[in-house]
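Have a look at the structure below, then the notes.
Quick caveat, the model's predicted, so the values are computed rather than measured. Every chain is numbered from 1 and lettered A, B, ... according to where its sequence line falls, protein lines coming before strand lines.
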Amino acid sequence: MTDTQPETEASVTIVVDGQEVAARPGELLIDACERAGTYIPRFCYHERMKPVGMCRMCLVEVDTGRGMGLQPSCMIPVAEGMTVDTQSEITKKAQDGILEFLLINHPLDCPVCDKGGECPLQDQTMAYGPGESRFVEEKRHYEKPIPISDTVFLDRERCILCDRCTRFAKEVAGDPLIHFQGRGNQTEVNTFPDEPFSSYFSGNTVQICPVGALTAKPYRFKARPWDLEETESTSVADAVGSRITVQSSRNQVLRYMGVDSDPVNWGWLSDKERFSFEAFNSDERITEPMARSGGDLEPVSWGAAIAAVGDALKNTDPSRLGIIGGARLTNESQFAFTKLAKGVLGTDNVDAQLGDGLPAELVLGLPRATIDQACAPGGTIILMGPDPKETLGALFLRLKHAAVEDGATIIEVTPHRTGLGQYAAHHLHPLPGETAALAAALVAETPALDTAGVSADAITAARAAIAGDGPVTVILGRASVAESAAVIADAALSLTSIPGVRFLSALSRSNVHGALDMGMSPGLLPGRSTLASGTANWPNTPSTAGMSTAQMLQAAADGSLDTILLLGADPISDFPDTDLAERALANATVIAVDLFETASTDHADAILPAAAPQEADGSFTNLEGRVTKISRKVTPPGTARPDWIIAAELAMAAGGDLGIESLDDVWAQIAAVSPAHAGIDTASLDANQRDGVVVEGTLDLPAASGVSPAVADAYAYRLVVSRRMYDAGTILANSPSSAHLASGTALHLHPVDFDALGLDRGAEVTVSSATGSVSLPVEPSGDVPRGVAAVPANQGDIVVGTLIAVGDVATNVRVERGDS
Amino acid sequence: MARFTPDNLELAHEIISRYPRKKSAVIPLLHLGQEQDGYVTNEAMEHIAELTEVTAAEVIGTCTFYEMFKTHPVGKYVINVCTNISCQLNGGEELLEHLEETLDIRSGGTTADGMFTIEDYECLAACTEAPCMQVNYRYFHRISNDEVDGVLSDIRSGKLADTIPEHGVLQRVRQTIPAGKLAGIAPPETVVDAPVWMARNEPILAARAAAKAAEEAAAANKATEATEANEKGDA
Amino acid sequence: MATNAYVPHAAGYVDNEGPKIVSSRFVHDDAFLLERSLATGGYEGLKKALTMAPVEVHDIVRDAVLLGRGGAGFPAGIKWGFCPPGKWPMYLVVNGDESEPGTYKDRLLMEMDPHQLIEGCLIACYALGLSQCFLYVRGEMALAQERIAHALNEAYEANLVGKNILGTDFSVDVVLHWGAGAYIVGEETALIESLEGERGMPRLKPPFFPAAIGLYGQPTIVNNVETLSNLPWIMVNGADEYKKYGSETSPGTRLFAISGHVKRPGVYEAEQGTTTFRDLIYGDNFCQGMKGDDELKMFIPGGASAPWFFPEQVDLPLEARPVGAAGSMLGSGAIVIMDESTDAVKACLRVVRFFARESCGKCTPCREGTTWEETLLRRIYDGHGRPGDLEMLLDIADNISPGPYPGAAWEEQGVEAIPFPPKQTTICPLGPSSVAPITSALRRFRDEFEAKIPQRTSIPVSAS
């Protein structure tokens with residue numbers, strides 16, 4: 001289907017327009033011809049979907065052994081000796097005919113149609129079609145356009161009924177919410193009334209639509225393709241690192257498009273990856289350094305800001321200085337800040353994760369899988385992490401494909417059913433706090449017992465799947481911030497006993513994997529090495545491991561940490577224990593480097609404005625450890641500048657010198673300290689734009705903490721707080737097309753638990769834990785197991801973090817009627 | 001304008017159980033919904049989606065492909081008049097015109113009192129009996145204009161109540177399969193082996209294979225004998 | 001014949017005093033009741049089949065050269081042999097979606113003798129190891145659904161269907177399924193799609209030949225109602241007896257429906273191959289000649305998809321091969337007779353309109369082309385045609401079905417007819433079927449078309 005399959009020994013010889021061509025066995029004729037340089041026009045065919053042979057545009061004369069005849073080349077696998085004539089009179093007449101037919105009901109919208117200039121119908125009509133249409137009758141009419149979701153508009157008059165969009169929705173995304181309706185000439189694409197096309201992947205249909213029938217609200221009428229400049233880059237919306245093009249006009253980014261990277265995203269993007277760039281264009285961006293004077297944040301000059309912040313950093317005892325965040329930075333900026341902290345300022349209190357991830361040593365120490373390895377045909381995938389459909393959209397599409405098309409077996413080991421549940425063969429939902437016990441049971445050799453709320457039968461069945469042929473990959477992440485990381489870490493360590501097992505990280509926040517690789521974690525140095533190894537050779541490298549985010553916040557709340565530098569981090573919104581975060585930031589001096597004001601920057605004494613990814617060159621490390629280039633396309637607003645430059649200036653102001661004046665300098669330094677990144681520099685990143693370079697290298701695994709399972713409380717529910725694709729996060733909140741898509745906070749209970757309350761859907765209940773209580777509307781959900789109270793994180797309306805005490809193995813909650 | 005009533009829901013489950021895959025029941029369930037409400041409502045389609053485990057978009061996609069499913073209210077009596085070639089040759093169009101005039105509506109429309117809808121229909125498979133029409137899918141053959149008038153008034157007066165049910169009711173006799181008599185309906189992926197009675201083929205197929213092998217061996221022998229004979233002859 | 005009274009069942013069958021293989025019980029009004037069926041030899045064929053091995057039953061059907069009665073005319077015994085060995089389960093889908101204009105026989109069989117059909121299904125399932133049978137009945141045939149439902153209920157009750165039929169190890173469920181109004185669903189892959197709960201849009205062949213990849217992706221035999229209704233008689237009487245009727249290449253009888261401008265339109269069971277069109281149209285046992293004073297102008301030999309024939313073809317036998325060689329198709333045995341009073345343009349328009357309304361919409365040339373053809377023809381018929389429209393119409397038809405189109409009318413112009421079926425740019429033959437009336441009418445009666453086109457230089461465009 002795509003271009004980068006490995007060359008196999010066997011090849012099939014076909015004859016295309018009189019020339020012999022070597023094709024791959026099983027290849028579709030349309031692809032074989034294209035690879036040989038003969039493009040056959042098409043509309044309904046898409047390389048990443050099953051061919052359907054509907055539009056008939058790819059008809060060519062083919063001799064499959066019974067004489068030449070017109071056949072759709074997208075439906076024919078090559079066979080030895082097959083003869084194709086793409087230039088014959090009959091072929092050309094068929095092409096003319098099909099294009100004429102397509103155009104007879106097509107409106108003459110080109111002057112007002114977004115697609116004009118990048119339109120396959122235009123292009124193929126020019127190249128393969130008749131010069132004029134003979135149609136003088138009345139065309140088909142529909143109301144135009146209609147919104148089929150908040151983001152996508154449908155113009156049915158333009159639609160050529162190629163079925164790409166509905167096939168994508170069903171076959172790729174698994175959300176068949178749009179469908180052909182009517183019959184014959186009256187056929188149209190539409191949704192069910194009042195059920196919009198609210199798929200997380202709807203934006204892909206706009207990209208693959210071969211005409212302007214589907215348009216995206218964020219881009220409608222904004223530009224013409226010939227106005228646009230573009231560069232290929234990497235999405236930073238989550239940790240998949242999907243390949244994108246960034247398109248801009250007059251120094252404003254107008255659109256992202258998916259690029260087909262064979263090892264990663266296959267051209268697809270989640271809507272969050274596609275549309276959240278709007279935040280970077282927002283008027284709310286901080287454009288000047290700000291300093292608090294008299295209670296308000298006022299703009300100041302860079303000189304003054306850097307001097308003040310540098311002083312603050314210099315004058316803080318390294319052990320009383322903490323740096324939280326860094327996942328939003330490019331690899332180079334992460335290195336710069338790590339060097340600033342650990343090399344110049346001498347503090348190891350650096351943590352890019354916000355208490356909602358997993359120990360860095362675990363992630364870097366486990367044997368790593370690539371996405372291709374995880375999706376190996378016939379393999380087994382153990383999902384022990386967050387719902388990929390919500391947090392890592394493009395990865396979800398790959399995993400779904402592996403299960404549905406390639407015979408992969410998915411075993412869910414999650415606190416509740418996920419978007420992959422429909423495609424999973426096994427559903428194990430251990431009670432929060434007891435995941436480690438279940439993992440141990442999965443690899444034990446003694447007969448299975450009921451464990452962690454999962455039946456012995458289910459465990460036995462899952463064991464059989466794990467023991468089967470094919471590689472085993474664990475998708476490992478933190479499904480719920482109401483369950484401690486230690487439990488998941490122990491679970492992962494149990495699973496390392498599976499022969500040949502590999503792990504694919506499902507930490508999801510942007511470039512968190514780059515941060516870990518650059519040592520933004522206590523006890524680590526850049527290049528997947530430990531503080532103890534001392535490889536950095538920096539002047540002031542601390543000798544003992546520093547504090548994690550949780551510890552830093554605790555220390556700040558206690559008064560033993562004075563200054564916190566927030567790097568694109570918002571602990572008040574993202575740290576599981578909201579109260580602690582608030583107390584900590586209220587107590588400490590807070591300096592922020594960020595794009596926007598956030599709940600956390602309300603406590604900041606100074607904010608330094610950073611450049612967004614589309615505004616500065618750099619690189620990104622995805623969850624496979626794949627490093628790909630991020631390319632600058634537009635200038636930052638105001639005087640915002642790249643993070644690594646800020647780090648270099650702060651170092652100067654703090655009396656040190658990073659020795660960095662360019663990205664080349666950064667890479668030279670990285671290479672010097674990190675064997676894992678050997679061979680990577682700006683040149684090699686340029687040369688490997690599409691597929692990047694995978695970083696190798698591991699740490700020693702940490703020991704299991706042996707954390708005890710949570711104590712069962714017969715009257716309580718176990719709380720699960722998990723991420724959704726849309727929430728009140730800063731980037732989404734500042735992207736107009738996506739801002740309102742957060743679902744809002746609600747409590748989801750198993751239908752039997754819900755019925756026991758005797759309430760209507762949406763009624764208020766009080767959820768209380770040892771640390772606090774909140775009032776929430778309650779809903780039944782078939783995805784939630786008995787005894788579990790599931791709540792989405794960070795929806796911006798109700799703060800659930802008051803229920804959680806960080807470090808607790810699990811959070812027990814009571815659920816009571818709101819009026820009691 | 002609703003989801004299935006309890007009785008219909010029970011029937012729906014029985015219908016679904018007759019198919020190896022649930023989605024196959026969508027069309028019969030759409031008929032059931034139309035029978036219940038006189039036309040196919042959105043709520044019925046949503047309920048069908050739940051029962052067959054597909055999305056409502058898929059149900060409406062299937063529903064709108066087929067002419068018999070009306071997604072808006074129609075008259076109690078839907079009159080289909082065939083105007084296809086065999087009927088056109090023998091007065092089908094005239095019949096349609098007569099109905100349009102008599103009821104004062106165009107084809108596709110419904111009378112103001114909600115009694116009749118007329119449709120210009122395609123071949124009804126009664127070609128030798130032209131002109132023909134259906135009222136709620138019950139046939140009238142070789143029908144003259146006067147006879148049509150008679151039918152309309154009979155319907156109005158209730159004389160044909162036993163013969164012609166209201167729109168949506170198709171079969172008044174349903175298939176029921178007693179549980180004990182069911183051979184067994186299973187999803188295809190659960191069926192691995194040949195049905196048991198096919199074992200009767202084994203001795204016959206084995207005998208045929210043996211006979212064929214023997215024949216081939218005999219032919220091969222003959223060929224070698226012939227070659228040997230030739231060689232002897234040459235020697 | 002029956003008058004305005006609601007007819008208790010399909011009328012139109014006329015006893016032509018010929019052999020009765022499938023219509024033997026039509027003389028009874030209650031043949032749909034098990035009691036009558038059993039009393040007249042019902043299920044004897046099944047009982048006989050059960051005494052043999054399944055493969056022996058298959059052999060008999062193959063020997064009998066039972067040709068498919070759905071329109072394609074493919075030998076059933078050979079189609080049965082296409083299923084790959086060992087891929088279970090396999091299904092039988094009965095095509096009872098009779099919608100081809102002019103065709104009227106399956107409805108008769110379903111309403112008047114459903115037990116015969118059920119018996120035929122059972123014989124087929126037994127012969128091939130088919131696990132379940134789906135009887136797909138056209139949605140508009142309410143009475144047929146009732147009769148079949150009733151018959152199936154009786155048959156289940158009497159252990160003739162379901163678990164352990166007649167106390168043997170043969171078990172199969174026969175499920176009545178009903179359609180909802182779409183001609184295209186009569187195409188076998190569209191039928192399967194519809195049975196899966198989808199829109200009835202045909203699948204591409206290759207690769208989706210039902211015998212290889214059919215219902216739910218499993219090997220599936222799709223047989224016509226009439227084809228299966230022949231099986232009981234063949235089992236009881238044997239293949240050799242069957243071959244005594246009809247011709248050598250097309251043995252047996254068929255139900256032919258003759259409609260249009262004849263004295264006695266009706267459904268007749270006649271021997272294939274030995275009977276000619278002339279026999280049917282003019283024979284005393286059959287339609288007894290033209291209805292009025294007008295002579296025969298043209299006739300459709302095999303359903304609306306068939307190119308038209310003219311008086312010079314009247315002596316052709318009712319057999320697929322000679323009819324095909326003459327440039328048309330015997331199809332579903334539906335013959336529509338048109339006399340001199342028929343407006344060729346109007347008849348052509350009506351048939352094209354049918355195909356345009358019934359197009360499923362999946363592929364471009366049919367979806368757009370058939371509607372364009374209809375609109376053009378209507379404009380011409382209404383007197384708003386332009387010079388050049390006729391050539392354009394033929395060219396549009398060529399873009400749906402390329403190459404010189406076979407048609408009996410070619411003989412007049414001294415051009416050889418090309419063997420049927422035509423080439424197609426479409427997925428299924430519906431699009432090319434719309435071309436049949438156009439080339440037939442336009443090439444033979446071009447003067448009628450031209451007469452409707454005013455010789456003006458400007459034309460108002462009609463709104464459709």
Side-chain angles (χ1 to χ4, degrees), chain A residues 52 54 142 146-149 152 154 156 159 161 163-202 205 214 403-404 407 409 417 419 421-425 751 780-783, chain B residues 1-4 9 21-27 29-31 33-34 37 39-74 80 83-84 107-109 119-123 187-190 192:
Chain A
V52 284
M54 282 169 59
Y142 292 103
I146 52 170
I148 54 173
S149 75
V152 179
L154 169 63
R156 290 163 293 174
C159 175
L161 297 167
D163 213 19
R164 271 189 178 186
C165 58
T166 62
R167 279 153 55 211
F168 171 83
K170 177 163 182 162
E171 193 181 312
V172 179
D175 297 326
L177 299 170
I178 47 176
H179 208 274
F180 272 359
Q181 295 179 19
R183 187 176 78 206
N185 213 27
Q186 305 301 313
T187 307
E188 59 178 273
V189 172
N190 215 329
T191 61
F192 189 80
D194 298 328
E195 276 187 32
F197 181 33
S198 48
S199 162
Y200 286 161
F201 306 100
S202 62
T205 60
L214 288 167
V404 174
T409 306
R417 198 149 167 130
Q422 190 178 351
Y423 315 104
S781 168
D783 290 344
Chain B
M1 322 323 130
R3 297 162 66 82
F4 287 128
L9 183 56
R21 292 256 165 84
K22 288 189 177 177
K23 193 172 184 184
S24 290
V26 168
I27 290 177
L29 291 181
L30 284 166
H31 277 300
Q34 180 156 272
D37 301 322
Y39 68 105
V40 181
T41 62
N42 284 352
E43 290 78 7
M45 284 195 266
E46 284 171 335
H47 199 184
I48 292 171
E50 287 167 32
L51 292 170
T52 53
E53 293 173 11
V54 297
T55 61
E58 291 175 284
V59 174
I60 197 174
T62 297
C63 173
T64 54
F65 185 84
Y66 299 97
E67 259 137 48
M68 288 176 75
F69 294 133
K70 318 291 183 201
T71 51
H72 298 283
V74 290
N80 295 335
T83 58
N84 209 310
S107 78
E119 297 214 338
D120 176 358
Y121 222 72
E122 297 298 340
C123 179
E189 52 274 6
T190 61
V192 180

Output for pair (B:Glu67 CD, A:Arg183 CZ), nearest 0.5 Å, gives 4.0 Å

Over all heavy atoms of both residues, which pair between A:Phe192 and B:Asn42 is shortest? Give the atoms and the distance, please. CZ-O, 3.5 Å

Report yes or no: does B:Thr64 contribute a side-chain atom to a donor-acceptor pair with the main-chain N or O of A:Gln181 at less than 3.5 Å? no

In short, B:Ala57 meets A:His179 closest at the heavy-atom pair O-CB, 3.5 Å

Rounded to the nearest 0.5 Å, the CD1 atom of A:Ile178 sits from the CD atom of B:Glu58 at a distance of 11.5 Å

Other residues, nucleotides and ligands only: do more than 12 of their heavy atoms fall within 6.0 Å of NZ on B:Lys22? no

A:Pro176 versus chain B, the contacting section by heavy-atom distance below 4.5 Å: both

